[in-house]
Asks: 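Here it is: the structure, laid out below.
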Amino acid sequence: MQGSQNTYGVKYQARCIAAVVADTQRTRFLVGTLSLREENEIHLLQIGDKTGALAFDGLYTHPSEIWGLSACPFDVSILSTVYASAGEFGAAIWKLPERARGAANTPLQKLASLDGHTQRIKCTLWFPKGKHHQIVSIDAENLYVWDLDPSGKPAKELGRVSSGLQQMAGGCWSPHDVYIVATACGTSLKCWDLRTMKEASTVDQAHAGQVRDLDYNPKRQHTIVTSGDDSKVRVWDLRMSGMPLSELPGHAHWTLRVQYNRRYEELILSAGTDAMVNLWYVPPPAEGKSKSSLSSPKISDPLVRSHHEHEDSIYGIAWSARDPWVFASLSYDGNVYIDYVTQAVRKKLTTK
Amino acid sequence: MAEDLDEKARRVRELLSSFYKSDESDSGDFDLDAPGDGGVSARRRDTLLQINTKGFEPERYMASLVRKTNLPTLLKKHVEVAAEIKNLDSDMQMLVYENYNKFISATDTIKVMKDNVAGMESNMQQLLEKVTAVRTKSDNINASLFERRGRIEELNGTRSLLRKVQFVFDLPKRLRKCLKEGDYAQAVKFYVGASPVLETYGSSSFRTCKQESEEVIATISKRLQAKFLADSEPLPGRAEAVALLQQLKFPVDVLMDGFLTSNMKHLLELQTLSHKSKSPDDAKKFITEFTQTATAFRSIFPTGESRLNEAAKDLLDKYFANVNVSLQPEAGSLSAAELISLLKSLSADVAKMHEVMPEAGFIDGAIQAVESAVKQHVNHKFKVLYAQVTGALSDIHSPKQEQAKDQQKPLLLSLENVQNLIVNGGLEVLKDLTQLLDDSVDFLVSWRDAYIDLVQGGFQEFFGSLVDHFISLSLASATQGEGSDQRLGSPAPGFVLLLSRLSTFIEQEGVPRITEAVGDSFIGGSLGDRPAFLPSEICRAFRAAAEKFLRQFIDVRSRKLSIMICKSITTPNWLQYKEPRDVRMFADLLLDEVKGMEGEVKQVLEPGKSHRRSDSAGSSSSTRSSNTTRGDSRSSRLNNRGKTHLLERDVAKLFKQRVEIFTRPELTQASVISMVVKIALKSFQEYVRLETFSRCGFQQIQLDTQYLRDPLREVVDDDNVVDFLLDEVCAAAAERCTDPTPLEQAVLDKIVHTKREKRLDDEATKVFI
């Protein structure tokens with residue numbers, strides 16, 4: 001099934017890939033390019049149902065370099081990007097236009113822009129549950145909450161939080177509690193309460209270097225996985241912030257991305273600047289067990305598989321929204337690889 | 001002849017049978033007599049053969065005979081029959097004669113009997129009469145004597161009772177007499193004899209008597225006690241006294257206790273004294289005293305063996321407690337030689353005591369005591385060793401040492417120190433313990449295996465706890481390193497590296513040497529399933545620890561470098577960067593940092609492989625030229641994307657090589673330093689990729705990397721890697737640059753050269769360690 005067509009190359013360098021989460025019928029990914037001097041593009045890719053091959057499905061032009069990309073959770077044609085080029089920066093909400101036949105490059109339709117950031121924006125986060133017009137954008141120091149007007153008016157700022165001196169690098173909106181947004185704040189992990197606009201909980205020294213990415217466990221409210229410049233991947237329980245629930249060796253250099261599988265909380269995907277994509281199997285912590293996982297030797301190696309296909313640093317990974325066994329990874333040189341969870345792991349997860 | 005006899009016998013039998021069983025023998029006889037003549041039908045058909053049967057009919061027989069046979073046969077038959085008849089007649093005659101004889105003898109017998117019996121009747125009659133007379137007389141006597149007999153018996157009973165009463169009444173007097181004469185044995189005998197009566201009637205009739213005798217007995221018992229307690233009294237006398245007291249139901253146990261307590265107390269005092277003075281005379285005295293006491297007790301209380309044993313055990317416990325105290329010094333360690341001498345004296349003592357009292361289990365107790373003492377000794381040895389090692393480590397770790405850093409190569413010194421400590425200390429402990437084994441103290445022989453296990457286990461535990469200690473130290477130092485925000489020259493990374501080196505040393509040298517030494521003298525053992533000392537397991541643990549420490553060192557060091565690089569990249573505004581005039585400050589700092597690390601690494605680690613320098617890239621100029629061409633190709637690639645697709649592949653190939661750079665680090669200077677540098681340069685590249693540069697910004701990065709190139713090539717094991725990574729940094733900057741025009745080579749060289757000169761001057765004035 002992993003035929004020759006599980007790879008796709010965009011022409012330029014690229015940092016961002018996102019699964020089209022609103023589309024549950026097809027496995028589709030959006031890839032945004034990073035080209036300083038050429039016109040940037042957003043590629044829409046799709047995995048064929050029958051062939052299983054990764055195929056090009058649409059190409060849209062984007063005015064500047066794409067540093068962040070996330071798909072709207074309720075509308076297949078809406079996405080948000082974070083962009084910057086040569087001193088300019090910003091974040092905007094776009095609509096994929098109806099494709100005119102024969103037209104190679106179609107420009108995106110801008111729905112709204114999130115203005116007001118004073119620093120380069122790191123990422124945007126969509127409201128995690130259902131159709132809701134709130135969106136969060138994060139720059140190095142501030143976190144903004146926006147209300148999007150569907151009728152096309154400019155986005156309204158609802159509030160902002162400042163993280164102080166620590167540089168924010170990324171965030172994740174809690175799927176369990178819609179008022180909580182977790183952010184990677186320097187070497188710590190901080191959760192913000194959007195009602196009070198204050199810090200709700202924190203894990204200091206989550207990593208020895210900058211925390212690069214984090215993701216909420218889809219099944220457990222207080223469990224977050226983080227990755228950072230110290231190359232480690234750590235799983236935290238926010239209620240017990242002193243010690244990680246488990247620690248994975250991560251990568252040989254920075255671990256830039258980490259993501260939970262949406263359906264199976266045991267699967268964690270990570271990618272780093274060592275050009276590797278690692279799939280981890282972390283069994284959920286047994287209730288009442290003492291948390292001495294750091295010192296006690298692991299019974300089995302949590303690493304399920306290392307994927308070596310890429311040749312450059314990997315800045316983007318995404319699980320398929322439709323098929324929990326499919327994931328895509330994007331390296332800096334613009335190559336997208338599709339890979340699959342191995343049969344052995346599938347069996348282990350489904351027979352439980 | 002024989003046939004004749006047979007024939008005759010047969011006939012006689014036939015006759016007899018026909019006589020006795022006349023009725024039923026009919027068919028049976030016939031069958032027997034005529035077996036061969038025609039089977040079943042013979043009887044009916046052939047009457048000729050029925051001559052010997054009862055139902056024989058002479059007429060018919062005759063007729064049939066005449067009818068059937070011819071004359072000669074008939075004649076022959078006649079002769080036969082006549083002969084038979086004659087035979088029969090003689091037989092008959094013989095029978096009659098025999099029976100007649102018998103009859104006559106029977107008649108004679110009867111006649112004799114009759115004569116004998118005739119006189120008996122009168123005798124019997126007489127006997128009967130006499131017996132009857134005797135009986136009547138006896139009855140008469142019985143009747144006449146009956147009344148008196150009861151009376152006599154009664155009188156007899158009364159008499160004996162009176163005698164007893166008399167005895168009882170006399171008892172006090174007798175007792176007193178005995179007392180006067182000192183014949184206690186007699187007195188006791190009397191009293192014991194009378195005591196049942198006194199017990200029964202003491203409350204009523206014999207009250208005074210009882211009281212009196214009791215008084216006397218009390219006196220006697222007192223005297224006996226006094227006699228028993230008097231040490232001057234000869235042993236048999238004392239023993240007798242005790243026996244008498246026992247008869248008097250005096251609680252002998254109390255006496256025993258008293259005796260034992262006083263004696264044991266005395267013994268204990270002696271013993272404590274002997275231990276305090278540690279002089280052999282005192283110990284001897286103790287032993288002789290003990291022997292004496294035991295003998296005395298035994299003769300005095302022959303029944304109290306178990307009590308003696310108990311008391312002896314008690315004493316023994318205290319004794320061994322004392323022994324243990326003397327075996328376990330409060331301060332300072334006891335050498336094996338001292339221990340051996342102690343154990344030897346103990347062994348002698350106990351052997352003597354054991355002779356006296358085999359049941360008291362002295363040997364067991366002694367063995368236990370020795371076991372615990374030796375165990376303690378072994379544990380103590382290891383504890384001391386462990387404390388020494390950890391102490392040495394914490395000395396290095398302590399901030400005091402950190403300040404005194406200007407001394408030459410502190411890490412090297414401490415490394416050697418600790419290494420020596422571990423190996424020599426370990427060997428010394430082993431030597432010490434071997435002595436104990438060689439100097440075969442009696443007790444050790446029985447559990448030699450256990451001892452060997454103990455020593456092996458001691459090593460196992462020692463190394464195990466050492467690994468744990470290392471790990472905890474590394475963790476502590478790691479947090480400290482983070483907490484102090486990665487100060488320059490923080491001792492933590494160097495210390496971690498030291499730990500790593502130390503772990504490797506233990507794995508590769510320490511453990512094998514110890515194992516060898518253990519194998520020399522501590523063979524055997526293993527009471528359990530597997531030997532207590534598992535060098536392979538320890539080696540594995542240390543290897544893992546060494547790897548972990550090394551990784552930690554690399555992490556900390558490379559993080560420090562990365563942070564410097566990060567600051568240098570993120571701080572400036574690259575889009576409005578001014579034309580580069582000089583290499584930036586951070587490059588020097590970076591080199592200083594690398595140098596500092598090199599200093600640490602060189603102290604602790606071995607040089608390892610020599611630098612791999614490819615011949616083509618041997619001179620810096622050639623590298624530079626190749627670099628220039630590469631930079632050119634890059635710019636052309638940036639201008640014309642389509643053409644450079646192949647080149648992109650090349651770059652990708654190179655990347656493949658680079659990916660392999662993230663390998664397992666070896667514990668050599670070059671490998672560790674390269675690893676750190678590689679990670680730092682990779683971070684450099686990643687930080688550059690996050691920025692956008694103007695032309696001048698790009699040129700600055702170019703300048704910085706060019707400046708770093710040569711010094712870094714010096715320190716890594718494969719300078720191609722440095723070239724490659726620095727090229728990658730430049731390429732990344734070029735990619736992220738709006739106008740990637742590289743600096744002219746001449747300008748580049750000039751600036752770098754000036755800067756390098758300046759740095760050399762600085763170094764000449766400043767002393768780098």
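It should be emphasised that the depicted structure is a prediction, and the values quoted were computed from it without experimental measurement. Throughout, protein chains are lettered first and strands after them, A, B, ... in sequence-line order, and every chain is numbered starting at 1.
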Asks: Nearest 0.5 Å, please: how far is CG in A:L34 from OG1 in B:T692?
Replies: 8.0 Å

Asks: Tell me, yes or no, whether the heavy-atom count around B:E461 atom CD, taken from other residues, nucleotides or ligands under 6.0 Å, exceeds 12.
Replies: no

Asks: Between A:W254 and B:K682, is any pair of side-chain heavy atoms under 4.5 Å apart?
Replies: no

Asks: Mind checking the CD1-CG spacing from B:I679 to A:D274? Nearest 0.5 Å is all I need.
Replies: 10.5 Å

Asks: Does a side-chain heavy-atom distance below 4.5 Å link A:Q210 with B:C566?
Replies: no

Asks: Can you tell if the side chain of B:L690 reaches within under 4.5 Å of the side chain of A:R15, non-hydrogen atoms only?
Replies: yes

Asks: Go through the steps to decide whether A:D312 and B:E728 satisfy the test side chain to side chain contact (heavy atoms under 4.5 Å, CB included), and finish with yes or no.
Replies: CA-CA 11 Å; A:D312 203 342; B:E728 279 296 320; over 6 Å; no

Asks: Say whether A:Y332 and B:E686, considering side chains only, have a donor N or O and an acceptor N or O under 3.5 Å apart.
Replies: no

Asks: Can you find a heavy atom in the side chain of B:R736 that is under 4.5 Å from one in the side chain of A:E65?
Replies: yes

Asks: Hey, what do you get for CG (B:D555) to NZ (A:K232), rounding to the nearest 0.5 Å?
Replies: 5.0 Å

Asks: So what's closer than 4.5 Å to chain A heavy atoms on B:S683: side chain, backbone, both or neither?
Replies: both

Asks: Nearest 0.5 angstrom please: B:S562 OG to A:D230 CG, how far?
Replies: 11.0 Å

Asks: So A:L36 and B:E735, side chain to side chain contact (heavy atoms under 4.5 Å, CB included) or not? Walk me through it.
Replies: CA-CA 8 Å; A:L36 203 56; B:E735 279 163 7; over 6 Å; no

Asks: To the nearest 0.5 Å, how far apart are OG in A:S313 and CZ in B:R689?
Replies: 4.5 Å

